[in-house]
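Lettering follows sequence order; numbering is per chain, from 1.
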Amino acid sequence: MRRVVITGAGSINALGASASETMKAMREGRCGIGELEFPNVDRLSIRIGGQVRDYDEAAFFNRQQVALYDRFTQFAMLSAREAVQQSGLTFSGDLAAHSGVVLGTAAGGMNTWEDNYRAVYEEGKNRVHPFVVPKLMNNAAASHISMEYNLKGPSFTVSTACSSSNHAMGQAFHMIRSGACTAMITGGSESMLTFGGIKAWEGLRVMSKDACRPFSGNRNGMVQGEGAGVFVFEDYDHARARGADILAEVSGFAMTSDAADIVMPSQQGAGRAIAGALKDARMSPEEVGYINAHGTGTAANDKTECAAVANVFGAHADSLMMSSTKSMHGHCIGGTGAVELLACIMALRDGVIAPTIGYEEPDPECALDVVPNEAREVAVTGALSNAFAFGGLNAVLALRKV
Amino acid sequence: MAQPQTVEEQVRGILAEQAMLDLDDVTTESTLEDLGLDSLGLVEVIFAIEETFDVQVPFNANEPDKSEFDISSVQKIVDGVQSLIDAKT
């Protein structure tokens with residue numbers, strides 16, 4: 001089996017317009033959550049989110065591209081550009097044939113759906129733009145990345161709600177590890193901060209009106225974000241042979257299903273995924289210094305996740321650090337695992353542990369070291385990234401310092 | 001013509017439908033636990049109340065006990081709905 005490493009990273013989200021800006025904000029414990037700005041926001045009871053601000057699509061894309069790129073595709077394209085540039089790879093010949101794209105998204109071209117529904121239902125128009133279908137389809141971002149970089153191997157989109165990115169990156173990892181591919185562009189993207197997107201979430205009554213405070217005793221729900229994270233995963237030998245800068249190694253991955261409830265998380269399902277990722281990576285529990293938590297800030301997730309970690313790690317649970325960066329960038333839904341992987345890279349490569357901000361009071365049911373409010377400098381050699389989706393679909397990645 | 005239903009009858013009706021019980025099994029003393037309603041069922045009940053009475057129920061599933069809207073018994077829910085209706089006029 002081949003080893004798999006990360007040789008490029010890119011992102012855009014409420015914390016910054018690049019991977020490095022995002023990591024800088026995480027290091028500073030900055031909050032990217034604020035008042036939402038879009039039409040009809042006054043008709044919502046939830047009015048905060050981790051929105052990408054001061055964003056001008058015309059600064060990055062020409063008119064034809066804008067006609068084809070939904071906001072979620074634009075975020076993915078910008079992130080992919082950064083990641084591929086950092087990797088230094090150009091794709092042609094055999095490498096192109098053995099490289100592809102696996103991206104996660106929960107809602108795909110939500111803005112396109114919304115804009116065009118408005119046009120036909122609200123404004124009574126009888127005609128929509130001819131590219132509505134290729135613009136809104138969930139695989140649009142993956143396809144445009146494959147076209148842009150000449151990636152001719154397997155490419156597809158994974159949609160498992162809040163686990164989409166981790167499931168996607170897990171597939172990319174498997175394809176390189178098995179020898180089927182040499183390099184994969186992978187991660188996820190989401191842009192559902194629209195009137196309809198928030199209205200739908202509002203109905204579940206799990207959203208906070210003021211802040212995302214994961215693990216804090218006074219937490220009162222999740223806050224949505226948007227954005228993308230895209231990475232270059234590469235065969236270790238291939239990366240070494242060309243002298244690439246390696247950010248971290250992806251060592252293991254596991255997926256489980258709760259087979260229980262459509263919205264309530266399960267400690268067993270989460271725990272089996274965490275234990276499975278350790279086993280797959282041949283990583284001992286003691287090797288894990290940092291966990292990027294799913295940490296949504298809901299009552300249900302946070303206590304279930306802490307119980308799962310405590311159960312899998314036993315006494316070592318008290319020695320490891322676990323933070324939720326959703327407190328800063330919001331819950332980027334299908335793109336969230338990819339944005340959060342940056343926190344794992346920062347922990348392993350730079351020895352900086354991103355904090356859980358907004359932490360105000362302890363919760364006895366979340367009695368782990370959640371790195372409250374301030375980043376910490378600690379060298380770690382092993383890290384996990386958790387994602388637990390509605391529908392009971394869990395996906396956990398294990399990473400190592402290289 | 002049938003008598004218009006009282007708020008209590010309508011709330012009991014919503015709860016009975018959600019809990020898949022006979023209307024007679026939903027008394028004003030019942031708790032949501034008695035009725036076998038879980039958190040997801042409760043969120044649907046809140047939605048049905050909002051639709052039926054055209055009110056906004058202040059309720060966050062993350063902190064049901066801290067909510068201004070008391071859900072500790074059917075009677076409390078009826079009282080809460082009544083005060084939301086009164087507040088409208």
Could you measure the distance from the OG1 atom of A:Thr298 to the CD atom of B:Glu63? Nearest 0.5 Å is fine.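 One gets 12.0 Å once the value is rounded to the nearest 0.5 Å.
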
Are more than 12 heavy atoms, taken from residues, nucleotides or ligands other than [X], located less than 6.0 Å from that residue's [atom1] atom?
X	atom1	value
B:Gln56	CD	no
A:Trp113	CH2	no
B:Lys76	NZ	no
B:Glu33	CD	no
A:Phe390	CZ	yes

Do the side chains of B:Glu50 and A:Arg205 get close enough for a salt bridge, i.e. N-O under 4.0 angstrom?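 Yes.
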
Measure A:Met264 against the heavy atoms of chain B and call it side chain, backbone, both or neither at under 4.5 Å.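 Just its side chain gets close to chain B.
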
Pair A:Val206, B:Asn60 - check side chain to side chain contact (heavy atoms under 4.5 Å, CB included), show working. CA-CA 6 Å; A:Val206 294; B:Asn60 181 339; 5.7 Å; no

If you take all heavy atoms of B:Val43 and A:Leu204, which pair is closest and at what distance?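 Of all heavy-atom pairs spanning B:Val43 and A:Leu204, the closest is CG2-O, 3.8 Å.
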
